[in-house]
Colleague: 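This structure is in structure tokens; I'll ask about it shortly.
Counting starts at 1 for both ligands and their atoms, in listed order. Values reported hereafter were calculated over all heavy atoms of this structure, with side chains retained and with hydrogens, waters and symmetry mates removed.
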Amino acid sequence: MSAPIEDPPLTNLRDRLAAIATLDAAALEAEDIAILGRKQGELTGRLKSLAALSIEEKRAQGAELNALKVQFEAAIGVRRVELADAARQREGAGVDLTMPGREAWRGTMHPVTVVIDEIVEIFGALGFSVALGPEVESEENNFGALNFAPDHPAMDMHDTLYLDPQGAVPAEGQRLLLRTHTSPVQVRVMREGPPPYRVVIPGTVYRNDAFDPSHAPAFAQIEGLAVDEGITFVDLKATLAHFAERFFGRGTTVRFRPSFFPFTEPSAEMDVACQLCAGQGCAACKGTGWMEILGCGMVHENVLRNCAVDPERWTGFAFGMGPQRIAMLRHGVPDIRHLYAGDMRFLQQFPSVGS
Ligand code: DAH
């Protein structure tokens with residue numbers, strides 16, 4: 001390392017180097033030329049004049065001058081960026097005021113959840129409370145107590161998902177399965193205490209079905225049960241017709257068709273006027289103008305007896321419906337699988353109520 005050269009012009013250059021950080025844009029460019037300019041630059045000139053010196057002098061002064069040159073280049077570069085940043089800030093550049101804002105993302109309720117909540121609320125206003133039961137059930141609760149004949153086709157291995165017994169073979173009716181409907185919760189409610197009962201039972205049920213446009217291996221149901229003294233089919237019809245008006249809108253017409261379920265007698269299915277064509281007949285209702293939305297009936301006296309409820313004193317009605325199916329009817333969804341896929345392009349078409 002050579003000692004600093006005691007040279008007034010060099011001291012002057014060091015002062016000018018220190019001052020670079022305070023220059024404005026015009027002064028900076030002028031100083032760049034005055035010091036580093038190829039023809040007139042002061043430092044350039046001094047570097048050029050090194051050529052006339054002896055090797056020793058070259059070595060002594062050259063290192064110092066070259067270091068100064070590098071420092072000037074760096075200081076001028078840094079100051080240039082600083083001034084450019086400041087200018088951009090002053091102009092508000094970097095913030096594009098014409099850029100459209102990003103929309104705040106909002107979650108929404110799944111259309112099936114909305115249906116379940118609405119149904120529970122409508123029956124809640126009629127005095128029904130919510131009851132729940134387990135998804136793993138005994139064969140007895142799922143079928144036997146509900147008056148299914150032992151050879152009923154629904155009990156076939158093809159529909160029902162049985163749990164592997166793992167060890168000792170369970171006693172008759174005690175095999176475990178994934179409930180195929182929410183009706184076994186009727187049995188649980190009735191066995192828990194004496195009537196009257198007014199409950200709705202939302203829950204997931206399972207069947208050994210593959211996914212296709214109208215089937216899913218797991219789906220929701222809402223069950224209803226009302227048992228009291230003097231309940232008749234008139235109560236069933238009035239309650240369910242009221243529900244249809246509340247759910248689908250005033251003036252919604254319904255019709256009841258005779259049907260069969262082992263746990264009700266008589267049994268019926270309720271249709272509502274097709275929501276998509278207002279009863280005119282379209283592809284969705286296969287031209288009939290009607291859509292089936294639930295099964296129902298008067299609780300079979302065998303079921304009451306199986307649950308230690310005296311059918312001479314108590315009568316009741318029950319119903320069951322599928323929220324996925326109802327959501328499909330309500331929105332004209334052609335394939336149940338859309339309700340399971342979690343595809344945002346589908347789900348965002350159902351903004352939640354109130355949003
Ligand atoms: N459990 C029946 C099913 O899964 C639905 C049902 C029909 C329930 C009639 C009821 C009823 O309570 O009365 O297909």
Side-chain angles (χ1 to χ4, degrees), residues 115-116 119-120 123 128 130-135 137-149 152-156 158-161 177-190 195 197-209 214-227 231-241 243-244 254-272 291-304 306-307 309 311 314-326 336:
V115 166
I116 292 170
I119 294 172
V120 167
F123 284 98
F128 286 70
V130 172
L132 300 172
E135 294 173 12
E137 257 299 5
S138 66
E139 211 173 4
E140 154 69 10
N141 284 352
N142 196 80
F143 294 123
L146 289 168
N147 199 40
F148 280 75
H152 192 283
M155 295 169 67
D156 199 286
H158 296 294
D159 291 320
T160 306
L161 292 156
L177 45 75
L178 293 178
R179 66 181 178 192
T180 59
H181 52 178
T182 43
S183 304
V185 189
Q186 289 189 33
V187 175
R188 288 175 175 273
V189 167
M190 289 194 276
Y197 317 109
R198 275 181 184 75
V199 290
V200 281
I201 304 154
T204 306
V205 306
Y206 300 86
R207 292 187 194 171
N208 193 11
D209 284 329
S214 54
H215 294 87
F219 55 98
Q221 280 194 339
I222 295 188
E223 188 85 12
L225 175 70
V227 175
I231 289 190
T232 70
F233 202 86
V234 173
D235 299 299
L236 176 157
K237 285 185 75 171
T239 304
L240 295 177
F243 157 71
V254 297
R255 73 174 182 185
F256 290 83
R257 285 177 292 101
S259 186
F260 174 81
F261 301 103
F263 38 89
T264 47
E265 179 59 34
S267 302
E269 276 163 321
M270 185 174 89
D271 298 342
V272 294
M291 284 177 154
E292 184 215 313
I293 63 153
L294 57 80
C296 57
M298 300 305 290
V299 181
H300 198 293
E301 59 178 53
N302 287 350
V303 175
L304 294 174
N306 289 338
C307 300
V309 173
W314 307 98
T315 53
F317 64 83
F319 57 87
M321 54 189 138
Q324 270 91 5
R325 193 178 144 72
I326 291 174
I336 196 170

Colleague: Under 4.0 Å, heavy-atom basis, I'd like to know which part of A318 is in contact with ligand 1: side chain, backbone, both or neither.
Modeller: both
Colleague: Of the protein's non-hydrogen atoms, which lies at the shortest distance from atom 12 (O) of ligand 1, and what is that distance?
Modeller: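 Ranked first by proximity to atom 12 (O) of ligand 1 is E223 OE2, 2.6 Å.
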Colleague: Assess the pair F123 and F243: is the distance between their ring centroids shorter than 6.0 Å?
Modeller: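 F123 vs F243: aromatic centres under 6.0 Å.
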Colleague: Given 3.5 Å as the limit, does a donor-acceptor pair link the side chain of R207 with the main chain of F219, or not?
Modeller: no
Colleague: For R179, is the nearest heavy atom under 4.0 Å from an atom of ligand 1?
Modeller: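 R179: no contact with ligand 1 (<4.0 Å).
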Colleague: Below 4.0 Å, non-hydrogen atoms only: which portion of M298 touches ligand 1? Side chain, backbone, both or neither.
Modeller: neither
Colleague: Using only atom types and a distance under 3.5 Å, with no angle test, would you say the side chain of S138 pairs donor to acceptor with the backbone of N141?
Modeller: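 Confirmed, S138 side chain pairs with N141 backbone.
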Colleague: Quick check: Q221 and ligand 1, any N/O pair under 3.5 Å apart?
Modeller: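 So ligand 1 has an N or O lying under 3.5 Å from an N or O of Q221.
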Colleague: What protein heavy atom sits nearest atom 5 (C) of ligand 1, and how far away is it?
Modeller: G320 CA, 4.2 Å
Colleague: Drop me the distance from I336's CD1 to H215's NE2, to the nearest 0.5 angstrom.
Modeller: 8.5 Å
Colleague: With heavy atoms of F261 as the reference, note each atom of ligand 1 found under 4.0 Å away.
Modeller: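 In order of numbering, the contacting atoms are 7 (C), 9 (C).
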Colleague: Got a donor-acceptor contact below 3.5 angstrom from the H181 side chain to the N142 backbone?
Modeller: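 At least one qualifying donor-acceptor pair exists.
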Colleague: Indicate yes or no for a side-chain donor-acceptor contact from T315 to the backbone of I231 under 3.5 Å, with no hydrogens or angles considered.
Modeller: yes
Colleague: Given 3.5 Å as the limit, does a donor-acceptor pair link the side chain of E265 with the main chain of H300, or not?
Modeller: no
Colleague: Looking only at atom types and distance, does a side-chain atom of N147 sit under 3.5 Å from a main-chain N or O of P262, one as donor and one as acceptor?
Modeller: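 Between the backbone of P262 and the side chain of N147 there is a qualifying donor-acceptor contact (under 3.5 Å).
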Colleague: Polar contacts were defined as any N/O atom of the residue lying under 3.5 Å from an N/O atom of the ligand; does this apply to H181 and ligand 1?
Modeller: yes
Colleague: If you count the atoms of ligand 1 from 1 in the order shown, which ones are under 4.0 Å from a heavy atom of S183?
Modeller: 1 (N), 8 (C)
Colleague: Any idea which protein heavy atom is nearest atom 14 (O) of ligand 1, and the distance to it?
Modeller: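 The closest heavy atom on the protein side is R207 NH2, 3.7 Å.
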Colleague: With heavy atoms of G297 as the reference, note each atom of ligand 1 found under 4.0 Å away.
Modeller: 13 (O)
Colleague: Relative to each other, are the rings of F148 and F143 parallel, tilted or perpendicular (30° and 60° limits)?
Modeller: perpendicular
Colleague: What atoms in ligand 1 come closer than 4.0 Å to a heavy atom of T264?
Modeller: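 Per the distance check, 13 (O).
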Colleague: N208 and T160: side-chain donor and acceptor closer than 3.5 Å?
Modeller: no
Colleague: Considering only heavy atoms, does F319 approach ligand 1 within less than 4.0 Å through its side chain, its backbone, both, or neither?
Modeller: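 Looking at F319 and ligand 1, just backbone atoms fall under 4.0 Å.
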Colleague: In terms of atom number and element, which parts of ligand 1 are under 4.0 angstrom from non-hydrogen atoms of G295?
Modeller: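 Selected atoms, number and element: 7 (C), 9 (C), 11 (C).
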Colleague: Would you mind checking which non-hydrogen protein atom is closest to atom 11 (C) of ligand 1, with the distance to 0.1 Å?
Modeller: F263 CE1, 3.4 Å
Colleague: Show me which atoms of ligand 1 lie under 4.0 Å from any heavy atom of Q186.
Modeller: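 Every atom of ligand 1 under 4.0 Å from some heavy atom of Q186: 12 (O).
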